[in-house]
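Chain identifiers are assigned alphabetically (A, B, ...) following the order of the sequence lines, protein sequences preceding nucleic acid strands; residue numbering begins at 1 within each chain.
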Number of protein chains: 2
Amino acid sequence: MADKLFNDTFDLPDINHMNKIVTLKDIAKALNLSISTISKALNDSYEISEDTKKKVLSYAKYHHYSPNRMAKGLKEGKSRSIGVVVCSLENNFVAQMLDGIDSYSSNKSYQIIIMQSKESAQQEIACLDLLYAGGVDGILISPASQTVDFSYLVTLQKAGLPVVLFDRLSDHIDTHKVGADNFRGAYDATVHLIDNGYKNIAHLNTNTILSIATERLNGYKQALYDRNITYRPELLRSCDYSNPKKLHQDLEAAIHYYMSLEVRPDAIFTATDQISTRCLALLNKMGYHVPGDVALIGFTNTDLADALNPALSTVNQPAFEMGQIAASKLISLIEAKIPVTEFETIMLETKVNVRASTQK
Amino acid sequence: MADKLFNDTFDLPDINHMNKIVTLKDIAKALNLSISTISKALNDSYEISEDTKKKVLSYAKYHHYSPNRMAKGLKEGKSRSIGVVVCSLENNFVAQMLDGIDSYSSNKSYQIIIMQSKESAQQEIACLDLLYAGGVDGILISPASQTVDFSYLVTLQKAGLPVVLFDRLSDHIDTHKVGADNFRGAYDATVHLIDNGYKNIAHLNTNTILSIATERLNGYKQALYDRNITYRPELLRSCDYSNPKKLHQDLEAAIHYYMSLEVRPDAIFTATDQISTRCLALLNKMGYHVPGDVALIGFTNTDLADALNPALSTVNQPAFEMGQIAASKLISLIEAKIPVTEFETIMLETKVNVRASTQK
DNA sequence: TATAAAAACGCAAACGATTGCGTGAATCTC
DNA sequence: GAGATTCACGCAATCGTTTGCGTTTTTATA
């Protein structure tokens with residue numbers, strides 16, 4: 001009794017009749033109608049009378065009818081699910097993008113299947129393989145840093161599977177792409193350093209061929225050029241961040257190298273999320289004072305930037321929005337009636353957040 | 001030619017014949033056999049000769065046959081997918097658990113569908129509803145902080161859907177549960193503070209009824225008791241962390257309150273990931289020196305602990321392992337031939353990492 | 001050499017939903 | 001009131017698999 005009362009005041013799906021999953025057949029039997037009538041009624045077909053529709057609808061709602069995903073998918077050749085391939089889940093920036101993807105996809109009632117490439121090209125292909133075989137309707141991918149060959153992705157696309165690139169873009173495949181204005185972000189970060197009096201600015205980048213890396217490098221170079229500072233190639237170092245250990249080694253080596261230079265850098269601009277935060281941790285650990293010994297600004301979306309030691313100046317990317325837009329682009333491809341041949345590349349603006357790590 | 005050479009040296013799935021998805025029917029037609037023969041051959045049935053099996057297998061492999069997930073799922077009444085409900089993706093601790101879940105599930109070739117409750121009980125039910133309707137084979141859930149009623153989950157379970165709780169456990173449902181030894185973690189953290197000379201130890205907890213909160217509170221109390229320190233109720237405050245804004249407000253209020261006390265706390269033990277890191281950020285922002293003014297130790301798995309200001313002492317949970325074990329428990333339930341009635345609760349050990357924030 | 005047994009394969013139903021088409025009844029038209 | 005519409009519904013095929021059972025062919029047994 002108390003239980004019943006409680007449920008009655010509960011403003012949520014009534015689940016008292018959920019003992020067994022109800023199918024069209026069950027409803028048909030119960031209402032003494034045919035399966036097709038039930039189906040059409042639920043799909044609001046003009047072939048069915050209003051009267052019948054009402055009966056069916058109310059029965060269905062009361063018994064929590066929900067179309068079997070498998071059956072529907074089989075029939076329609078669609079699964080209403082999209083595959084998402086990212087480098088790693090354990091990455092705040094990635095998590096924010098996934099959140100964006102999820103928010104848009106959920107609204108459109110698409111399920112998302114997330115897979116991790118762990119920065120390995122081979123692993124990435126394994127993911128794509130699974131997703132393709134798993135029958136996803138489309139793929140959202142932010143390629144692994146080690147990926148050089150996009151032919152597999154192109155093949156999938158040619159096989160009719162819509163693909164959208166996000167965050168890490170590439171020219172090797174023609175499709176919708178959603179990324180950040182990396183050139184501008186890098187440019188702004190570098191200009192910020194220069195305008196704050198830093199002259200020997202090092203740049204720590206990745207060892208990938210992804211455009212994300214070269215765009216940021218170019219932004220850095222352009223800023224130097226525009227401010228009449230000579231680009232010193234020895235201040236450019238790259239790290240392998242395919243795994244944390246390797247990244248740590250490379251970062252340590254890079255910092256040692258920088259500090260052994262005759263003209264040491266007085267600031268470092270780091271190109272990716274992991275590099276930025278790990279670099280700060282390492283500088284602290286190695287006893288260098290930031291920004292006293294060397295200033296630091298980096299691409300990273302961590303919400304802990306202001307809790308870091310010192311508070312870290314960052315270049316922020318609209319991760320959530322990026323995910324949302326990427327998802328919207330993919331779903332538009334999936335639901336397009338005619339094959340899409342005109343693709344667009346969307347660039348979102350980055351934002352420099354100045355904090356203590358770049359204030360002399 | 002160059003292209004062909006390249007593909008030949010590529011140690012990955014050959015995708016040249018991927019133009020069209022091949023089905024059993026296609027293979028049957030091509031080999032002049034019946035559909036059922038193909039199916040049985042691929043499933044290594046004793047009814048099929050070795051000779052035929054070889055032919056079928058090789059044809060299937062060459063043409064990249066992969067069973068249609070929808071059809072198979074429909075036929076078997078299983079989808080080989082599991083639903084995972086977490087509070088948020090944007091949470092390093094959660095990400096680590098998801099990573100663990102993913103690693104185990106992938107190995108067992110289960111897909112995972114991740115959904116976010118955003119700490120809302122209502123949203124959580126919506127997730128469960130979608131997952132149930134979506135036909136997942138089982139559910140892994142770490143309940144929202146606001147969840148007080150587990151009847152929906154129990155109903156799902158009674159309807160035959162295996163459920164496993166992880167991280168945040170509850171007594172309101174009888175099933176496998178995988179969590180950390182929160183009592184011990186809190187106890188150890190508190191003892192650590194006491195042994196380092198702190199006497200007025202505040203405890204910042206959450207406002208949930210989840211056992212995770214009371215266990216940590218009890219660990220804190222027990223440590224005080226064992227060390228002959230009187231428990232001061234005014235040093236216990238709780239925060240609503242259903243959303244970042246609310247958390248920020250509550251935290252700010254709590255800190256103000258603490259600092260207005262006649263006998264200020266000289267250390268704070270925070271009970272969750274978000275509270276720990278945001279509390280540190282806030283203390284910094286409000287101008288309090290850690291650990292000079294107040295020491296801080298908290299439950300958090302952030303890999304940035306040593307980059308924080310100051311490096312943050314933490315209670316670490318084996319998040320990855322927790323995810324793995326939870327997934328294994330769920331899959332064992334899913335694949336059990338007979339209904340399981342004996343459930344177990346697995347407690348994993350936590351580990352205190354001492355850093356600068358608790359060193360006088 | 002009959003006959004029984006085993007081997008190898010095909011037929012057809014089933015999973016749950018959708019949809020074009022056929023059919024009977026009610027309604028309309030002149 | 002006979003013929004033409006319209007309405008409301010059911011039949012059956014289909015999506016791709018799986019699987020019990022029936023059928024044919026081959027091999028073994030008496």
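Listed for the B:Asn107 side chain is no donor-acceptor partner under 3.5 Å among the backbone atoms of B:Tyr104. A donor-acceptor pair under 3.5 Å is formed between the side chain of A:Arg80 and the backbone N or O of A:Lys108. Between the side chain of A:Thr175 and the backbone N or O of A:Val163, at least one donor-acceptor pair lies under 3.5 Å.
Using cut-offs of 30° and 60° for the angle between ring planes, the A:His172 and A:Phe150 rings count as parallel.
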Output a table of donor-acceptor pairs, distance under 3.5 Å, between side-chain atoms of residues 322-333 of chain A and any protein atom two or more places apart or on a different chain; print 'none' if there are none.
| residue | atom | partner | partner atom | Å |
| --- | --- | --- | --- | --- |
| A:Gln324 | NE2 | A:Ser103 | OG | 3.1 |
| A:Ser328 | OG | A:Ile325 | O | 2.8 |
| A:Lys329 | NZ | A:Glu344 | OE2 | 2.6 |
| A:Ser332 | OG | A:Lys329 | O | 2.8 |

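As a whole-Å value, the separation of B:Arg69 CZ from D:dG16 P is 17 Å. Atom CG of B:Asp44 and atom P of D:dT18 are 13 Å apart (whole Å). A:Leu74 places its CG atom 9 Å from the P atom of D:dT17, with the value rounded to the nearest Å. In this structure, the NZ atom of B:Lys25 is 16 Å from the P atom of C:dG10, given to the nearest Å. Between the CG atom of A:Leu24 and the P atom of D:dA12 there is a distance of 18 Å, given to the nearest Å. Atom-to-atom, CE of A:Met70 to P of D:dT14 comes out at 24 Å; the value is rounded to the nearest Å. Atom CD1 in A:Ile21 sits roughly 13 Å away from atom C1' in C:dC15 (whole-Å rounding). Remark: C1' of D:dT17 and CZ of B:Arg80 are 15 Å apart, rounded to the nearest angstrom.
Not a single donor-acceptor contact under 3.5 angstrom links the side-chain atoms of B:Lys72 to the base of D:dT17. In this model, a side-chain donor or acceptor of B:Lys75 finds a partner on the base of D:dT18 within 3.5 Å.
The side-chain contact (heavy atoms from CB on, under 4.5 Å) test with B:Ile82 is passed by exactly one of B:Ile113, B:Val164, B:Ile334: B:Ile334.
OP1 and OP2 of C:dC15 both lie 4.0 Å or more from every side-chain N or O belonging to A:Asn68.
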Any chance you could lay out the side-chain contact (heavy atoms from CB on, under 4.5 Å) test for A:Leu156 and A:Leu131, step after step, and finish with the verdict? CA-CA 11 Å; A:Leu156 286 182; A:Leu131 290 172; over 6 Å; no
Set out, line by line, the N/O atom pairs under 3.5 Å between protein and nucleotides 5-7 of chain C.
none

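Taking only side-chain atoms of A:Glu76, from C-beta outward, the nucleotide of D:dA8, C:dA17, C:dT18 with the closest atom is C:dT18.
Between A:Ala71 and B:Thr52, the residue anchored nearer the 5' end of DNA chain C, judged by the nucleotide with its closest heavy atom, is B:Thr52.
The closest side-chain donor-acceptor pair between A:Ser151 and A:Asp149 falls under 3.5 angstrom.
Sorted by residue number, the members of residues 28-40 of chain B with any non-hydrogen atom under 4.0 Å from DNA chain D read B:Ile35, B:Ser36, B:Ser39, B:Lys40.
If you check every strand for non-hydrogen atoms under 4.0 Å, A:Ser45 touches nothing.
A salt bridge is defined here as a Lys NZ or Arg NE, NH1 or NH2 lying under 4.0 Å from an Asp or Glu carboxylate O, and B:Lys53 with B:Glu47 fails to meet this definition.
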